[in-house]
Amino acid sequence: MDRFTYADGKLACESLPLSKVAEQIGTPCYVYSRATIEEHYRRLVEAFRPLDPLVCYSIKSCGNLSICRLLGELGAGMDVVSGGELFRALAAGVPASKCVFAGVGKTDAEIEQAIKADIGLLNIESEAEFENLGRIAQKLDKTVRGALRVNPDVDPKTHLYTTTGKRETKFGVDIERARNFFVEYGQDPQCRLTGLHLHIGSPVYTTQPYVDAVKKTLALIDDLALLGHKVSVLDLGGGFGADYESEQSLLAADYAEAIVPLLQDRVAKGLKIILEPGRTIVANAGVLLTRVLYVKKSGDKTFAICDAGMNTLLRPSHYNAFHFIWPCEPEPPFVPTKRAKSMDMPGLVPIDVVGPICESGDFLAVDRPLPPLKRGDLLCVFTAGAYGMSMASRYNSQPLPAEVLVAGEKMDVIRRRETYEDLVAHER
Ligand code: LLP
């Protein structure tokens with residue numbers, strides 16, 4: 001669900017018409033709904049309440065400080081994958097004790113930063129990383145709580161680029177190796193291996209991969225117990241879906257219905273659960289506004305050339321991802337009642353929605369059935385809150401767009417649009 005709806009034919013975020021945002025802030029611009037973020041977070045917490053998990057919001061999905069602060073105030077911890085993300089979490093007022101630090105390529109400086117901050121949990125991806133961690137912890141004379149990232153070899157049935165739970169990825173170690181890992185390092189006094197970490201992929205639209213991964217991991221936990229190693233934390237990672245089309249994704253309650261029964265008695269015996277959701281909280285809570293600059297015909301094709309492109313939202317060109325795109329103020333017959341790849345309305349025409357970047361791979365949609373467009377039309381790219389702004393770049397020296405957080409009919413600019421001076425600020 002989200003709070004981007006057409007009222008009297010005009011698209012509004014909560015109670016604020018998006019045309020007003022575009023007039024005041026300009027385009028391109030990311031707009032987030034505060035109530036949607038809050039509701040998604042609460043639904044997740046409610047659904048998984050029987051497990052009383054620590055919900056660590058995955059900063060990589062949308063790292064704006066105001067959004068991290070909002071979620072921190074609701075009680076979330078943070079899932080970070082770099083020193084920069086840890087810096088963000090702390091700057092947003094989230095205590096390091098509620099942060100988990102994952103990632104295959106942590107530098108010595110990042111490990112040191114995390115240990116000094118007294119991070120809640122360091123998720124370890126390889127033997128070499130463990131040894132490095134031990135060395136750094138010893139130098140700092142600190143102990144660290146670590147979780148081993150296990151690769152359960154399940155297929156999340158998602159895009160190849162975001163499939164992480166299969167054996168042939170750079171992430172984690174397989175189950176057999178995990179056993180040996182604990183035999184080798186399980187008694188290390190400096191780095192306490194207290195947990196296991198999973199993250200099988202993103203987005204995962206069915207529950208079975210989670211069920212399979214959790215079952216395999218519980219069997220591993222039992223094996224480790226027989227070997228004398230107690231696992232007290234299980235971090236299930238992220239990956240829950242979002243609605244790029246209407247009602248595409250399972251709800252938090254559906255994921256919980258499959259996962260909770262597998263873990264409830266373990267939790268009763270003291271196992272602590274962590275979740276790392278990103279997309280499911282913020283994807284539908286954010287949209288991208290872009291203005292049509294020109295409509296151009298080339299051969300049989302019609303292009304709507306917009307002021308947002310692959311630099312603003314990379315997902316379509318990088319993953320061939322579908323984002324529903326529609327005018328904010330369409331003519332009356334074109335007010336949509338759903339969001340889908342193929343909209344069955346008379347009068348739609350196939351249009352390529354493209355950006356200003358000097359590459360033919362710069363597109364937001366290809367051959368998309370849309371109402372006829374004209375210069376000046378304001379378009380909304382939906383479900384852009386996750387991996388939108390966080391993957392935006394300054395390619396072609398395009399300044400990064402503004403970000404706005406809406407609550408009711410009020411808006412806050414939570415990141416100002418970059419200027420040309422910003423573009424060159426670090427250069428000489
Ligand atoms: N935890 C770990 C260890 C992760 O690697 C990720 C995402 C998450 C949690 C959060 O996953 P989520 O709940 O957001 O699905 N750029 C891609 C998605 C990459 C996901 C990377 N890892 C996209 O635009 O679809």
Side-chain angles (χ1 to χ4, degrees), residues 30 37 40-41 43-44 48 53-63 67-68 71 76-82 85-86 89 99-106 120-125 147-152 156-166 169-172 195-206 209-210 213 234-244 248-250 252 255 259 273-286 288 310 312-323 364 381-393:
Y30 278 96
I37 296 173
H40 286 177
Y41 175 78
R43 279 188 184 184
L44 198 69
F48 282 90
L54 174 62
V55 176
C56 290
Y57 169 63
S58 196
I59 289 193
K60 66 175 82 66
S61 60
C62 181
I67 288 175
C68 293
L71 285 161
M78 299 282 142
D79 155 40
V80 306
V81 289
S82 67
E85 287 192 353
L86 176 57
C99 294
V100 295
F101 193 160
V104 288
K106 304 179 195 77
L121 198 64
L122 262 163
N123 292 339
I124 299 153
E125 305 251 4
L148 176 62
R149 177 154 177 188
V150 176
N151 185 332
K157 301 205 165 48
T158 192
H159 197 285
L160 180 64
Y161 292 179
T162 56
T163 293
T164 46
K166 287 183 71 173
T169 69
K170 66 177 176 177
F171 300 100
L196 291 176
H197 176 221
L198 295 171
H199 172 72
I200 55 176
S202 167
V204 185
Y205 282 112
T206 56
Y210 285 104
L234 175 56
D235 180 344
L236 296 176
F240 298 159
D243 286 334
Y244 291 89
Q248 176 184 16
S249 179
L250 297 174
Y255 290 104
I259 296 170
I273 303 295
I274 297 176
L275 301 174
E276 300 176 346
R279 187 190 314 265
T280 193
I281 294 177
V282 287
N284 283 102
L288 168 64
M310 65 188 289
T312 338
L313 179 66
L314 184 60
R315 302 190 74 258
S317 59
H318 190 53
Y319 309 110
N320 216 5
F322 171 82
H323 283 262
L364 299 175
V381 184
F382 290 79
T383 325
Y387 308 106
M389 184 62 176
S390 64
M391 292 176 78
S393 77

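Read the numbers this way: they start at 1 and go in the same order the structure lists the ligands and their atoms.
- Where the criterion is an N or O separation shorter than 3.5 Å, residue side chain and backbone included, Y387 meets it with respect to ligand 1.
- The shortest heavy-atom contact between A147 and L196 is CB-N, 4.0 Å.
- Taking atom 10 (C) of ligand 1 as the reference point, the nearest protein heavy-atom neighbour is S58 OG, 3.3 Å.
- For ligand 1 and P277, the ligand atoms under 4.0 Å from any heavy atom of the residue are 13 (O).
- Between T162 and ligand 1, not a single N/O pair is under 3.5 Å apart.
- Using a non-hydrogen distance threshold of 4.0 Å, A386 does not register as a contact of ligand 1.
- Scanning the protein heavy atoms around atom 24 (O) of ligand 1, the nearest turns out to be R315 NE, 2.6 Å.
- Counting heavy atoms under 4.0 Å from ligand 1, residue V81 does not touch it at all.
- Inclusion of G278 in the set of residues having an N or O under 3.5 Å from an N or O of ligand 1 is warranted.
- No heavy atom of P203 sits closer than 4.0 Å to any atom of ligand 1.
- Contacts between H199 and ligand 1 below 4.0 angstrom, taking non-hydrogen atoms only, involve the side chain exclusively.
- Judged by the shortest distance from any of its heavy atoms, T280 lies outside the 4.0 Å radius around the atoms of ligand 1.
- A salt bridge is absent between D235 and R149: the closest approach of a Lys/Arg side-chain nitrogen to an acidic carboxylate oxygen does not fall below 4.0 angstrom.
- What you find for S61 and S390 is that their closest heavy atoms are O-OG, 3.2 Å.
- Looking from atom 15 (O) of ligand 1 to the surrounding protein, the closest heavy atom is S202 OG, 2.5 Å.
- Here the side chains of F240 and S249 are not in contact, with every heavy-atom distance at 4.5 Å or above.
- Using a distance-only test at 3.5 Å, with no hydrogens or angles considered, no donor-acceptor pair links the side chain of Y205 to the main chain of K157.
- Side-chain atoms of I259 and F48, non-hydrogen and from C-beta on, do get closer than 4.5 Å to each other.
- With a 4.5 Å cut-off on side-chain heavy atoms, D79 and K60 count as touching.
- In this structure, E125 and V104 approach most closely via the heavy-atom pair OE1-CG1, 3.4 Å.
- Scanning all protein heavy atoms for the shortest distance to atom 12 (P) of ligand 1 gives G239 N, 3.4 Å.
- You'll find the ring centres of H318 and Y161 inside the 6.0 Å limit.
- For atom 4 (C) of ligand 1, the nearest non-hydrogen atom from the set E276, H159, K60 comes from K60.
- The nearest protein atom to atom 18 (C) of ligand 1, hydrogens excluded, is given as R279 NH2, 3.5 Å; this is a heavy-atom distance.
- Taking only nitrogen or oxygen atoms, main chain and side chain alike, H197 does not reach within less than 3.5 Å of ligand 1.
- A donor-acceptor contact shorter than 3.5 Å links the side chain of T280 to the backbone of G241.
- With ring centers used as reference points, F382 lies 6.0 Å or more from H323.
- Of the N or O atoms in Y319, one or more lie within a sub-3.5 Å distance of an N or O in ligand 1.
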